[in-house]
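Quick notes on the structure that follows.
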Amino acid sequence: MEEPNAKSSRPEQDDRPTAERQDFLRELVQQDLAEGRISEVVTRFPPEPNGYLHIGHAKSICLNFGIARQFSGRCNLRMDDTNPAKEDVEYVDSITADVKWLIAGWADHCLGLKPVGSLPEKVNVDGRDDYFLAAVMPFESQGQPLEPFYASDYFEALYQFALQLIRKGKAYVCDHTPEEVDRMRGAPDRPGRESLYRNRPVAENLDLFRRMREGEFPDGARTLRAKIDMSAPNVWLRDPVLYRIRHASHHHTGDRWCIYPMYDFAHGLSDYVEGITHSICTLEFEVHRPLYEWILQALDLPRVHPRQREFARLNVTYTIMSKRRLLRLVQEGHVRGWDDPRMPTISGMRRRGYPAEAIRDFCDRIGVAKRENMVQLELLEHCVREDLNRRAPRVMAVLRPLRVVIENYPEGRVEEMTAVNNPEDASMGTRRVPFSRVIYIERDDFREVPPPKYHRLSPGVEVRLRYAYLITCTGVVKDPETGEVVEVRAVYDPATRGGDAPDGRKVKSTLHWVSAAHAVDAEVRLYDTLFTVKDPDSTPEGLDFTQSLNERSLEVLQGCRLEPSLAAPVPGSCYQFERLGYFCVDSEDCRPGAPVFNRTVTLKDTWARIQSRQSGE
RNA sequence: UGGGGCGUGGCCAAGUGGAAAGGCAACGGGUUUUGGUCCCGUGAUACGUAGGUUCGAAUCCUGCCGCCCCAGCCA
């Protein structure tokens, strides 16, 4: 990809599509470039490390890195960690890994990181104090260890900026209790009341703020507030809190601080410190934009200000996106962890077998706009199938085995049949699959009494065993107790080796199979949606969202039979089990000789559709 | 009833005054040793609604309706 020690030149963007996606954000960026307001594009992806990244974050990652990539710019990964109570290093690690995985091979050359431990530098530009922290791009790292940016690395700079605001008379220390502040804020249609401490002298504010930092006051005793306008129609302009006191240790700064900046104060200035040009966030922050701009303008900043713009967050049917609720699923044991393959988390999707490329394709297809939206899960699944269809090797696996004895096939004889690995890609070659007298087929592929339009095996019917022979069912063996079919008897036509009849006769279906004597035993996990309703985030009043959990979201199958080529599969690798779906080797629970597969997604199933239509009529 | 947004086919989404892109889903057909893939075909006389401007409006103006966000010392 890139020369390890080449600092001079950027790697080429070789696979850039000719027609890049256009949306209102890219238009704005283009315009800013054209007007010379900026000379390079720098975006950022700023998650709070208080949970794992999910498909909604993927949209934001693809947007921010996509813009950086398209305009030969950069996208900084930044932990927005200004609230010590909720954040944890476990999350910063997972976030970092997930981002890298998602952008790998696509935008990794745009990922802005910084040397481990580096802090913003104080510089003086035309007599004005400035703080700046340069990013290091992967191709210029020269082997030095890098890490994400952290808002918490700017606490000192932020403190200095706060001091500046106080000196300018634009911020003050307020002694009101949280309840008082609440009451005095007024209502959307009613102006608020000014704090009793609003006109405190600058010197007193400076002293008090310093003592807040020193730890002289308990949590909640005082805050630093911006002095804006208590009667502003936009409530975020009614003297918002900039700093609060929290005697808590922070995952990144330890016990160095007991005052922590609020989002609105920290975010825009963090953007500024990193030289971000476009700060893209979700719609709910739109009402914060005036405050974002007020803060930047209130300070005497020598460099160009970042611009905040908003887009609509992603919603997907049958899934929840709230981090709080995802955390509950994990904590209450409804799933087996953040990376449970049923989770909409990036790590869950990865474990499920969704390729990063498919997720990116999905994010590209859903577009970016400001409209509330609910994208159908089917689109995501389509993207996954499309990608896997191209890349996944085909293989035969029987999930619910039904024994078939081919009566006229010699006992003890084994033939090696030639199977193609991927009909979409001849370069993936062929393999040999053993065939013998006793095989397994899918239970679902046999019906003693076939329903209408059923093309598969039933008494007297001839079908093809893929890559092997045409067989005709001659009878069944039933369990005398239950009446259940436990074995199918059949005869084969020796003239049809490979699956074609010399006389040109056709059969209606082709079945996958596995030779009983050669089969590999495996566990296969089938997944369905985690919820039974399209919009689990909006459960009716009084009900908890967990009540729409799908109790059949996981089905574990033991004793599945795989063709022998799957005896020792590589964890994480994906296969198409012919006629069934795409399955990937579980990266956690696989043991040598005991493979575990996750069903990534089924194949499209016309027969299932016919059946449900039949039962619906 | 304050402020900020948004309304184009089932779901996304282009469109920026001159004959409503595209994708997913659905349905029909063809090919097929995966009821997969692939290929072909079918849908808004219409862009929340009512007016207005214009030779001409989804695009401009006005009113109305609907939905979302904002009163954390969360982000």
Side-chain angles (χ1 to χ4, degrees), chain A residues 22-23 27 46-48 50 80-83 85-87 174 176-178 181-183 185-192 219-225 232-238 240-246 260 262-264 266-267 281-290 310 312 314 317 323-324 362 364-383 385-386 389-390 394 396 419-420 423-424 453-456 463-468 470 498-500 506-512 534 576-581 602-610:
Chain A
Q22 202 54 28
D23 55 58
E27 249 166 50
E48 183 188 12
N50 66 346
D80 203 2
D81 54 353
T82 56
N83 183 356
K86 295 186 181 174
E87 297 149 7
C174 175
H176 284 300
T177 65
V181 171
D182 246 30
R183 241 176 288 125
R185 187 158 23 232
D189 55 351
R190 179 166 33 87
D219 287 5
R222 292 180 217 266
T223 56
L224 182 73
R225 291 229 256 164
N234 181 336
V235 296
W236 288 103
L237 261 19
R238 323 245 263 225
V241 171
L242 266 20
Y243 267 91
R244 75 289 212 177
I245 300 173
R246 287 284 174 278
Y260 291 92
M262 298 290 291
Y263 166 83
D264 291 290
H267 203 90
C281 58
T282 44
L283 247 29
E284 65 269 27
F285 292 101
E286 203 158 17
V287 290
H288 293 239
R289 192 153 97 199
E310 312 80 15
L314 170 68
T317 54
K323 272 205 228 173
R324 221 197 116 260
F362 171 74
D364 192 51
R365 292 192 196 212
I366 58 178
V368 180
K370 295 186 73 165
R371 226 173 278 156
E372 289 282 327
N373 61 80
M374 172 76 73
V375 176
Q376 296 175 329
L377 218 212
E378 287 82 351
L379 179 59
L380 213 207
E381 295 185 331
H382 167 84
C383 294
R385 286 191 189 103
E386 188 177 78
N389 176 52
R390 229 174 36 239
R394 315 286 126 126
M396 291 198 284
V420 330
E424 308 293 321
K453 292 185 180 163
Y454 187 81
H455 295 162
R456 282 108 98 144
V463 300
R464 174 167 35 236
L465 293 177
R466 181 146 228 220
Y467 302 126
L470 264 37
D500 284 309
K506 303 281 192 227
V507 290
K508 283 216 175 126
S509 86
T510 299
L511 309 185
H512 60 279
K534 279 204 167 73
Q576 184 196 102
F577 289 180
E578 293 219 36
R579 304 209 304 131
L580 297 175
T602 61
L603 251 26
K604 286 218 282 190
D605 191 345
T606 305
W607 170 237
R609 220 178 305 146
I610 292 170

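Just so we're clear, the structure is a prediction, and the values are computed from it rather than from any experiment. Numbered from 1 within each chain, the chains take letters A, B, ... in sequence-line order.
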Would you say A/His382 places a side-chain N or O within less than 4.0 Å of OP1 or OP2 belonging to B/C24? yes
Hey, which of these two, A/Asn234 or A/Ala369, hits RNA chain B nearer its 5' end, going by closest nucleotide? A/Asn234
Which nucleotide wins on minimum distance to the side chain of A/Asp605, given the candidates B/G35, B/C24, B/G4? B/G35
Just by modelled atom types, is the A/Glu48 backbone N or O under 3.5 Å from a matching donor or acceptor in the A/Lys323 side chain? yes
How many Å lie between CD on A/Glu378 and P on B/C24, as a whole number? 13 Å
If I take atom OG1 from residue A/Thr602 and atom CZ from residue A/Arg385, how far apart are they, to the nearest 0.5 angstrom? 4.5 Å
What's A/Ile610 touching, base or sugar-phosphate or nothing? Going by heavy atoms closer than 4.0 Å. base
Give the rounded distance in Å between these two atoms: CD of A/Glu578 and C1' of B/G35. 13 Å
With sugar-phosphate meaning primed atoms plus P, OP1 and OP2, does A/Phe362 contact a base, only sugar-phosphate, or nothing at under 4.0 Å between heavy atoms? nothing
Looking only at heavy atoms, which two atoms of A/Pro290 and A/Asn234 are closest? And how far apart? CG-ND2, 3.6 Å
A/Phe577 CZ to A/His512 NE2 distance, which is reported to the nearest 0.5 Å: 9.5 Å
Which distance, rounded to the nearest 0.5 Å, do you find between the OG1 of A/Thr223 and the CG of A/Leu242? 9.0 Å
Closest non-hydrogen contact found for A/Val235 with A/Arg185 is O-CD, 4.5 Å
How long is the line joining NZ of A/Lys534 and P of B/A25, in whole Å? 14 Å
Between A/Ser509 and B/U34, is there a side-chain N or O to OP1/OP2 distance below 4.0 Å? no
A/Arg385 CZ to B/U34 C1': how many Å, rounded? 14 Å
Let me have RNA chain B in dot-bracket notation, would you? Count Watson-Crick plus G-U wobble pairs, both distances under 3.5 Å, and use [ ] for pairs crossing earlier ones and | for inter-strand partners. .(((((((.[[[..)..(...]]].(((((.......))))).....[[[[[..)....]]]]])))))).....
What residues form a side-chain hydrogen bond (donor to acceptor under 3.5 Å, both in side chains) with A/Lys86, not counting sequence neighbours? none
Which atoms form the tightest heavy-atom contact between A/Arg238 and A/Gly186, and what is the distance? NH2-C, 3.8 Å
Looking at B/U34, B/A13, B/A25, which one has an atom nearest to any side-chain atom of A/Gln376? B/A25
Holding to side-chain hydrogen bond (donor to acceptor under 3.5 Å, both in side chains), I want the full list of residues that pass it with A/Lys370, two or more places apart in sequence or in another chain. A/Glu286
Separation of A/Asn373 atom CG from B/G10 atom C1', in whole Å? 15 Å
Distances for protein N or O near nucleotides 73-75 of chain B N or O, under 3.5 Å:
residue : atom : partner  : partner atom : Å
B/C73   : OP1  : A/Arg185 : NH2          : 3.4
B/C73   : OP2  : A/Arg185 : NH1          : 3.3
B/C73   : O2'  : A/Arg246 : NH2          : 2.3
B/C73   : N3   : A/Gly220 : O            : 3.3
B/C73   : N4   : A/His176 : O            : 2.8
B/C73   : N4   : A/Pro178 : N            : 3.1
B/C73   : N4   : A/Gly220 : O            : 3.2
B/C74   : OP1  : A/Arg246 : NH2          : 3.4
B/C74   : OP2  : A/Arg244 : NE           : 3.1
B/C74   : OP2  : A/Arg244 : NH2          : 2.9
B/C74   : O3'  : A/Arg244 : NH2          : 3.1
B/C74   : O2'  : A/Asn83  : ND2          : 2.8
B/C74   : O2'  : A/Lys86  : NZ           : 3.4
B/A75   : OP1  : A/Thr82  : OG1          : 2.6
B/A75   : OP1  : A/Arg244 : NH1          : 3.2
B/A75   : OP1  : A/Arg244 : NH2          : 3.0
B/A75   : OP2  : A/Tyr263 : N            : 2.9
B/A75   : O3'  : A/Asp80  : OD2          : 2.7
B/A75   : N6   : A/His288 : NE2          : 3.2

Whether A/Tyr263 and A/Phe285 hold their rings parallel, tilted or perpendicular, with breakpoints at 30° and 60°: tilted
Residues forming a side-chain hydrogen bond (donor to acceptor under 3.5 Å, both in side chains) with A/Thr606, sequence neighbours excluded: none
Just checking A/Arg394: base, sugar-phosphate only, or nothing, at a heavy-atom cut-off of under 4.0 Å? base
Where each residue is assigned the nucleotide of RNA chain B containing its nearest heavy atom, which of A/Asn389 and A/Met374 is assigned the position nearer the 5′ end? A/Met374
Quiz question: going by heavy-atom distance under 3.5 Å, is there a donor-acceptor pair between the base of B/G36 and the side chain of A/Glu424? yes
Rounded to whole angstrom units, what separation is found between the CG atom of A/Asp189 and the P atom of B/C69? 18 Å
Under the side-chain contact (heavy atoms from CB on, under 4.5 Å) rule, what do A/His382 and A/Arg365 come out as? Steps first, then yes or no, please. CA-CA 11 Å; A/His382 167 84; A/Arg365 292 192 196 212; 3.5 Å; yes
Grab the CZ-C1' distance between A/Arg456 and B/U34 for me, whole Å please. 11 Å
OP1 or OP2 of B/G35 versus the side-chain N and O atoms of A/Lys508: is any pair under 4.0 Å? no
Output one line per pair: protein atom, nucleotide atom from nucleotides 6-9 of chain B, and distance, for all N/O pairs under 3.5 Å.
residue : atom : partner  : partner atom : Å
B/U8    : O4   : A/Arg371 : NH2          : 3.3

Within the structure, does a side-chain N or O atom of A/Arg289 lie under 4.0 Å from either OP1 or OP2 of B/G4? no
Classify the side chain of A/Gln576 and the base of B/U34 as holding, or not holding, a donor-acceptor pair under 3.5 Å. yes
Please classify the glycosidic conformation of B/G72 as syn (within 90° of 0) or anti (everything else). syn
Take atom CZ of A/Arg365 and atom P of B/G23, then tell me their distance rounded to the nearest Å. 9 Å
